[in-house]
Peer 1: 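Quick one: structure below, then a few questions.
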Amino acid sequence: MINWFAEPLSYPFMQQALIVAMVVGVVCATLSCYLVLKGWSLMGDAISHAVLPGIVIAYLLAIPLAIGAFVSGIFCAVAVGYLKDNSRIKEDTVMGIVFSGMFAFGLVLFAKVQSDQHLMHILFGDLLGITAEEFRQSLWIALTVLLVILIKRKDLLLYCFDPSHARTVGLNNKVLHYGLLVLLALVIISAMQVVGVILVVAMLITPGITGYTLAKRFDRMLLIAIATSLMSAFWGVFLSFHFNVATGPAIILIQACCFLISFAISKLR
């Protein structure tokens, strides 16, 4: 049993993968709780898919892919807000139109670009193959987002739970709204190294909804989400090594199993 755990950790790339998976898992789980409370599950899906055209364009312009992903994600969020405020279309419908259109545009650009393994990694994730620069980038983004959430946790909680009350006590809802969108875009950039832009929405939703199913208080919901995310990252990395499967999907699959178990427990209660 000791060798089962020690063998993967004897490789530097496995140590790096485990660190990134657990740090990104914690920040995704933390933000996930706020997204579930706010009802922004579809917004996470929208931005995670909408970053693809920005990534491809950044690659063509030879600029950092993170910049392209961030600009594309923020453009998606602003476009959704503008269309919702200036039409009779409901927000979920607008998000479906915007993110599917941008994702389709990204796929068209992707198909026109000469095949490049790095872009394939962005699309599907490659935790075991990230470079030292991507490793540092993911960690810095994740830690920065976690610090901001820690500082503004009470304001964000009140805004997500009751925007009208937040406005009454003097909070600037618009700043909190777009601040949460910026944090979401940054977390997606950090997590796309782990599971890719296609599966990143699972890391942003599953831990939070698992905690929401089991807990009635936000602090307990947060602890459950972080615990399940850490456990999924840990076991996903080790199982992917021993069973020779993709690491990102293994992590997501374990998170899905955690949700099913939490749902079963809640029904038994």
Peer 1: Checking side chain to side chain contact (heavy atoms under 4.5 Å, CB included) for the pair Tyr212/Ile209: CA distance, chi angles, key distance, verdict?
Peer 2: CA-CA 5 Å; Tyr212 182 81; Ile209 202 66; 4.2 Å; yes
Peer 1: Let's go through Leu156 and Lys38 carefully: what are the C-alpha distance in whole Å and the side-chain angles of both, what is the deciding distance for side chain to side chain contact (heavy atoms under 4.5 Å, CB included) to 0.1 Å, and is it a yes or a no?
Peer 2: CA-CA 10 Å; Leu156 289 172; Lys38 180 63 178 171; over 6 Å; no
Peer 1: Going hydrophobic residue to hydrophobic residue with side-chain gaps under 4.5 angstrom, can you get from Leu61 over to Val56?
Peer 2: yes
Peer 1: Does the side chain of His49 reach to within under 4.5 Å of the side chain of Ser100, using non-hydrogen atoms?
Peer 2: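 No, too far: nothing below the 4.5 Å cut-off.
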Peer 1: Should we count CG of Asn86 as having more than 12 external heavy atoms under 6.0 Å?
Peer 2: yes
Peer 1: Take Ile254 and Leu239 through the test side chain to side chain contact (heavy atoms under 4.5 Å, CB included) and record every step on the way to the result.
Peer 2: CA-CA 10 Å; Ile254 295 173; Leu239 292 176; 4.0 Å; yes
Peer 1: Could you give the distance from CD1 (Ile224) to OG1 (Thr213), rounded to the nearest 0.5 Å?
Peer 2: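 So the CD1 of Ile224 and the OG1 of Thr213 are separated by 9.0 Å.
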Peer 1: Kindly compute the distance separating CG (Leu157) from CZ (Phe161), expressed to the nearest 0.5 Å.
Peer 2: 8.0 Å
Peer 1: Between Ser72 and Val51, which heavy-atom pair has the shortest distance, and what is it?
Peer 2: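 Looking at all heavy atoms of both residues, the closest pair is OG-CA, 3.7 Å.
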Peer 1: Can you list everything that forms a salt bridge (Lys or Arg N to Asp or Glu O under 4.0 Å) with Asp162? Sequence neighbours excluded, please.
Peer 2: none
Peer 1: Which atom pair, heavy atoms only, marks the closest approach of Gly208 to Met221?
Peer 2: O-CE, 3.4 Å
Peer 1: Among Trp235, Phe241, Phe234, which one satisfies ring-ring contact (aromatic ring centres under 6.0 Å, His included) with Phe238?
Peer 2: Phe234
Peer 1: According to a 4.5 Å side-chain heavy-atom criterion applied to Ile, Leu, Val, Met, Phe, Trp and Tyr, with indirect links allowed, do Ile57 and Ile63 form part of one hydrophobic cluster?
Peer 2: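 Looking at the clustering, Ile63 is in the same group as Ile57.
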Peer 1: To the nearest 0.5 Å, what is the distance between SG on Cys257 and CD1 on Ile252?
Peer 2: 11.5 Å
Peer 1: So do Val187 and Val200 actually touch side chain to side chain, heavy atoms under 4.5 Å?
Peer 2: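 Of all side-chain heavy-atom pairs linking Val187 with Val200, none is under 4.5 Å.
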Peer 1: Mark yes when over 12 heavy atoms from residues, nucleotides or ligands other than Phe5 sit less than 6.0 Å from its CZ; otherwise mark no.
Peer 2: yes
Peer 1: Step through the shown structure and confirm whether more than 12 heavy atoms of other residues, nucleotides or ligands are within 6.0 Å of CZ on Phe105.
Peer 2: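 No - once you tally the heavy atoms of other residues, nucleotides and ligands closer than 6.0 Å, there are 12 at most.
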Peer 1: Tyr34: which residues meet the ring-ring contact (aromatic ring centres under 6.0 Å, His included) condition with it, sequence neighbours left out?
Peer 2: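 Partners of Tyr34 under the ring-ring contact (aromatic ring centres under 6.0 Å, His included) test: Phe218.
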Peer 1: Check Gly236 against Ala250 and note the closest heavy-atom contact, atom names and distance.
Peer 2: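 Looking at all heavy atoms of both residues, the closest pair is O-CB, 3.9 Å.
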Peer 1: Let me have the donor-acceptor pairs involving side chains of residues 9-21, under 3.5 Å, with sequence neighbours excluded, atom names and distances please.
Peer 2:
| from | atom 1 | to | atom 2 | distance (Å) |
| --- | --- | --- | --- | --- |
| Ser10 | OG | Glu7 | O | 2.5 |
| Gln15 | NE2 | Leu9 | O | 2.5 |
| Gln16 | NE2 | Ile130 | O | 3.1 |

Peer 1: To the nearest 0.5 Å, what is the distance between CG (Leu180) and CG (Asn173)?
Peer 2: 11.5 Å
Peer 1: I'd like to check Thr30 versus Arg153 (side-chain heavy atoms, cut-off strictly below 4.5 Å). Are they in contact?
Peer 2: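 The answer is no, as the side chains (C-beta and beyond) never meet within the 4.5 Å cut-off.
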Peer 1: For the residue pair Gly73 and Ile47, what are the closest heavy atoms and their distance?
Peer 2: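 Result for this residue pair: CA-CG2, 3.8 Å.
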Peer 1: Hey, are the side chains of Ile141 and Val27 touching, using non-hydrogen atoms and a 4.5 Å cut-off?
Peer 2: no
Peer 1: Would you say the side-chain atoms of Thr228 pair up with the backbone N or O of Ala225, donor to acceptor, closer than 3.5 Å?
Peer 2: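 Present.
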Peer 1: Nearest 0.5 angstrom please: Ser240 OG to Ile251 CD1, how far?
Peer 2: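 Between atom OG of Ser240 and atom CD1 of Ile251 there are 7.0 Å.
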Peer 1: For the hydrophobic clusters of this structure (ILVMFWY residues joined by side-chain heavy atoms under 4.5 Å, transitively), does one cluster hold both Val78 and Leu181?
Peer 2: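 Yes, one cluster joins them.
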Peer 1: Where the side chain of Thr206 meets the backbone of Ala256, is there a donor-acceptor pair that is under 3.5 Å apart?
Peer 2: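 It does not hold such a pair.
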Peer 1: Would a distance-only check, ignoring hydrogens and angles, find a side-chain to backbone donor-acceptor pair under 3.5 Å from His242 to Trp4?
Peer 2: yes
Peer 1: Work out which heavy atom in Gly106 is nearest to a heavy atom in Leu52; give both atom names and the distance.
Peer 2: C-CD2, 3.8 Å
Peer 1: Within the structure provided, determine whether Ser32 and Met203 are in side-chain contact (heavy-atom separation under 4.5 Å).
Peer 2: no
Peer 1: How far does CG of Leu146 sit from CD1 of Ile151, to the nearest 0.5 angstrom?
Peer 2: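 Interatomic distance, Leu146 CG to Ile151 CD1, rounded to 0.5 Å: 10.5 Å.
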Peer 1: Closest approach of Ala58 and Gly68, non-hydrogen atoms and distance?
Peer 2: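 Smallest interatomic distance, heavy atoms only, reads CB-CA, 3.9 Å.
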Peer 1: If you define the side chain from C-beta out and look only at heavy atoms, does anything of Leu186 sit under 4.5 Å from Thr144?
Peer 2: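 No - every pair of side-chain heavy atoms lies 4.5 Å or more apart.
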Peer 1: Are Leu31 and Leu204 side-chain neighbours, meaning at least one heavy-atom pair lies under 4.5 Å?
Peer 2: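 They are in contact (side-chain heavy atoms under 4.5 Å apart), so the answer is yes.
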Peer 1: Same cluster or not: Val36 versus Ile261, using hydrophobic residues (I, L, V, M, F, W, Y) connected whenever any side-chain heavy atoms lie under 4.5 Å apart?
Peer 2: no
Peer 1: Does one hydrophobic cluster hold both Leu143 and Leu230, with members joined at side-chain heavy-atom distances below 4.5 Å?
Peer 2: yes
Peer 1: Would you say that Gln255 contacts Thr210 through its side chain, given a criterion of any heavy-atom pair below 4.5 Å between the two side chains?
Peer 2: no
Peer 1: Could you tell me whether Lys152 atom NZ has more than 12 heavy atoms of other residues or ligands within 6.0 Å of it?
Peer 2: no
